[in-house]
Amino acid sequence: MEIHKITIIGGYDRSGNKEPVSKVELNMGNVVSIVGPTGSGKTALINDIGLFANGNTPTRRQVLINDSIPSEEFLDPSKNPVAIITQHTNFLSDLTVRRFLSTHARIRGKEYDAGSLVDETIEVANQLTGEPILEERAMTELSGGQARALMITDAVIIGNSPIILLDEIENAGIDRIKAIELLRRYKKIFVFVTHDLRITLLSDFRIVMRGGAMEKIILTDMEERHLSEYVVGLDNLLVELRNRIRMGEKLREKEIRERLKELLQKEKIP
């Protein structure tokens with residue numbers, strides 16, 4: 001079954017009131033963020049998507065695929081179109097990276113091009129993490145950032161999951177901007193649960209959560225997209241300053257003020 005879109009039909013908040021947002025449509029190719037304070041219901045929303053809720057979860061939401069109730073075949077893990085990547089990824093298998101990915105490719109019935117798929121998965125994953133992933137390294141030896149980068153690219157390339165749910169990958173030690181740039185090359189539905197400004201401003205739209213409910217939808221307009229360039233520059237400066245402190249350097253106020261002024265002038269922000 002080819003998936004073109006998923007639809008979330010609003011349910012009820014924690015007080016039993018109907019959600020302000022009655023329906024959200026996610027089309028193939030969309031990059032969407034779910035934002036809101038801690039405890040606002042972000043994780044419950046992605047769980048509803050992952051479980052294809054049909055009024056049978058605490059929120060009483062319903063999730064449709066191509067405007068229809070999802071087929072029971074999706075209950076088979078090998079046919080489930082949803083991949084959920086969380087910030088808590090641990091491996092019990094001590095298989096090497098290449099053998100682990102090759103095994104997944106065979107399980108997916110892709111023996112004929114398993115080698116090239118594994119190569120592509122490792123290559124893309126290494127663009128997301130600063131620590132190179134070696135194909136002969138054991139899965140249990142991967143760092144948190146390496147593990148998340150590998151699981152994201154594995155879900156996209158080998159698993160070919162049309163719906164990818166990513167829970168707070170800003171804490172995963174991967175290059176968030178490059179991740180979005182690379183992921184957009186693959187026509188999937190990407191949903192980020194995030195507190196990260198950069199991810200949010202680079203998304204097509206965001207679902208704002210509050211009190212367990214979808215409170216509103218905000219489309220990312222041209223002004224916010226332009227602002228995202230300044231936010232990226234500012235964040236890169238902060239990363240640089242943190243690294244300089246780690247290397248034992250002293251920071252100077254005059255230099256930082258000059259760098260900030262350059263950023264403002266470059267992006268033409270008054």
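Predicted model only: the values in this text are computed from it and were never measured.
Side-chain atoms of D221 come within 3.5 Å of backbone N or O of E223 as a donor-acceptor pair. Panel note: side chain N30, backbone I189; no donor-acceptor pair is recorded below 3.5 Å. When atom types are taken as modelled, the side chain of T153 and the backbone of L150 share a donor-acceptor pair closer than 3.5 angstrom. Counting only distance, with no hydrogens or angles, the side chain of N236 and the backbone of V232 share a donor-acceptor pair below 3.5 Å. In this structure, the side chain of T220 engages the main chain of S203 through a donor-acceptor pair within 3.5 Å. Formation of a donor-acceptor pair under 3.5 Å by the N80 side chain with backbone atoms of V82 is found in this model. Side-chain N or O atoms of E19 include one that pairs as donor or acceptor with a backbone N or O of G11 at under 3.5 Å. Judged by distance alone, the side chain of T57 and the main-chain N or O of A53 form no donor-acceptor pair under 3.5 Å. Using modelled atom types, one side-chain atom of D196 and one backbone atom of I199 make a donor-acceptor pair closer than 3.5 Å. Side-chain N or O atoms of Q146 include one that pairs as donor or acceptor with a backbone N or O of P132 at under 3.5 Å.
Side-chain contact check for P162 versus M28: some heavy-atom pair is nearer than 4.5 Å. Side-chain atoms of I34 and T194, non-hydrogen and from C-beta on, never get closer than 4.5 Å to each other. Between I8 and L45, the closest side-chain pair of non-hydrogen atoms falls below 4.5 Å. The shortest side-chain heavy-atom distance between R252 and I256 does not fall under the 4.5 Å cut-off. Side-chain contact check for R210 versus P37: some heavy-atom pair is nearer than 4.5 Å. Looking at K188 and V156, their side chains come closer than 4.5 Å, going by heavy atoms from C-beta outward. No side-chain heavy atom of N160 sits under 4.5 Å from any side-chain heavy atom of R108. Taking the side chain as every heavy atom from C-beta outward, L234 and L260 approach each other to under 4.5 Å.
A single hydrophobic cluster is seen to contain both L237 and L251, as judged by linkage of ILVMFWY side chains at heavy-atom distances under 4.5 Å, directly or through other members. Both L197 and L263 are part of a single hydrophobic cluster, where members link through side-chain heavy atoms under 4.5 Å apart. Neither L51 nor I84 shares a network with the other; the hydrophobic side chains, linked directly or stepwise wherever heavy atoms of I, L, V, M, F, W or Y lie under 4.5 Å apart, form separate groups for each. By the criterion of side-chain heavy atoms lying less than 4.5 angstrom apart, applied directly or through intervening Ile, Leu, Val, Met, Phe, Trp or Tyr residues, M209 is grouped together with L219 in one hydrophobic cluster. Under a hydrophobic-cluster definition in which Ile, Leu, Val, Met, Phe, Trp and Tyr are linked whenever side-chain heavy atoms come within less than 4.5 Å, directly or via other members, V97 and L134 are assigned to different clusters.
The hydrophobic cluster containing V208, built from Ile/Leu/Val/Met/Phe/Trp/Tyr side-chain heavy atoms closer than 4.5 Å, also comprises V35, I218. Through direct or indirect side-chain contacts shorter than 4.5 Å among Ile, Leu, Val, Met, Phe, Trp and Tyr, L64 is connected to I9, I69.
Not counting sequence neighbours, the partners of R206 by the salt bridge (Lys or Arg N to Asp or Glu O under 4.0 Å) test are E224. A search for side chain to side chain contact (heavy atoms under 4.5 Å, CB included) contacts involving I217 returns V21, V24, F205, I207, not counting sequence neighbours. Looking at residues two or more places apart in sequence or on another chain, you find a salt bridge (Lys or Arg N to Asp or Glu O under 4.0 Å) between R225 and D204. Under the salt bridge (Lys or Arg N to Asp or Glu O under 4.0 Å) criterion, R106 pairs with no residue at all, not counting sequence neighbours. Residues passing the salt bridge (Lys or Arg N to Asp or Glu O under 4.0 Å) test with K5 are E25, D67, sequence neighbours excluded. Take R246 and apply the side-chain hydrogen bond (donor to acceptor under 3.5 Å, both in side chains) test, not counting sequence neighbours, and it matches N243.
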Practice problem: Show the numbers, then the answer: is there a salt bridge (Lys or Arg N to Asp or Glu O under 4.0 Å) between R259 and E240? | Solution: CA-CA 11 Å; R259 295 285 297 278; E240 178 189 331; 2.8 Å; yes
Self-check item: Steps toward side chain to side chain contact (heavy atoms under 4.5 Å, CB included) verdict (H104, T121)
Solution: CA-CA 12 Å; H104 185 203; T121 299; over 6 Å; no
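The residues E255 and R244 are annotated as salt-bridged, a charged nitrogen and a carboxylate oxygen being separated by less than 4.0 angstrom. Between D154 and R148 there is no salt bridge, since none of the side-chain N atoms of the basic residue sits less than 4.0 Å from a carboxylate O of the acidic one.
Counting only residues at least two apart or in different chains, ring pair (Phe, Tyr, Trp, His ring centres under 6.0 Å) contacts with residues 29-62 comprise F52-F74. Within the structure, salt bridge (charged side-chain N to carboxylate O under 4.0 Å, His left out) contacts touching residues 7-18 (residues at least two apart or in different chains) do not occur. Residue pairs meeting the ring pair (Phe, Tyr, Trp, His ring centres under 6.0 Å) criterion with at least one member in residues 16-47, sequence neighbours excluded, do not occur. Sorted by first and then second residue, the pairs that involve residues 27-53 and meet salt bridge (charged side-chain N to carboxylate O under 4.0 Å, His left out), not counting sequence neighbours, are D48-R61.
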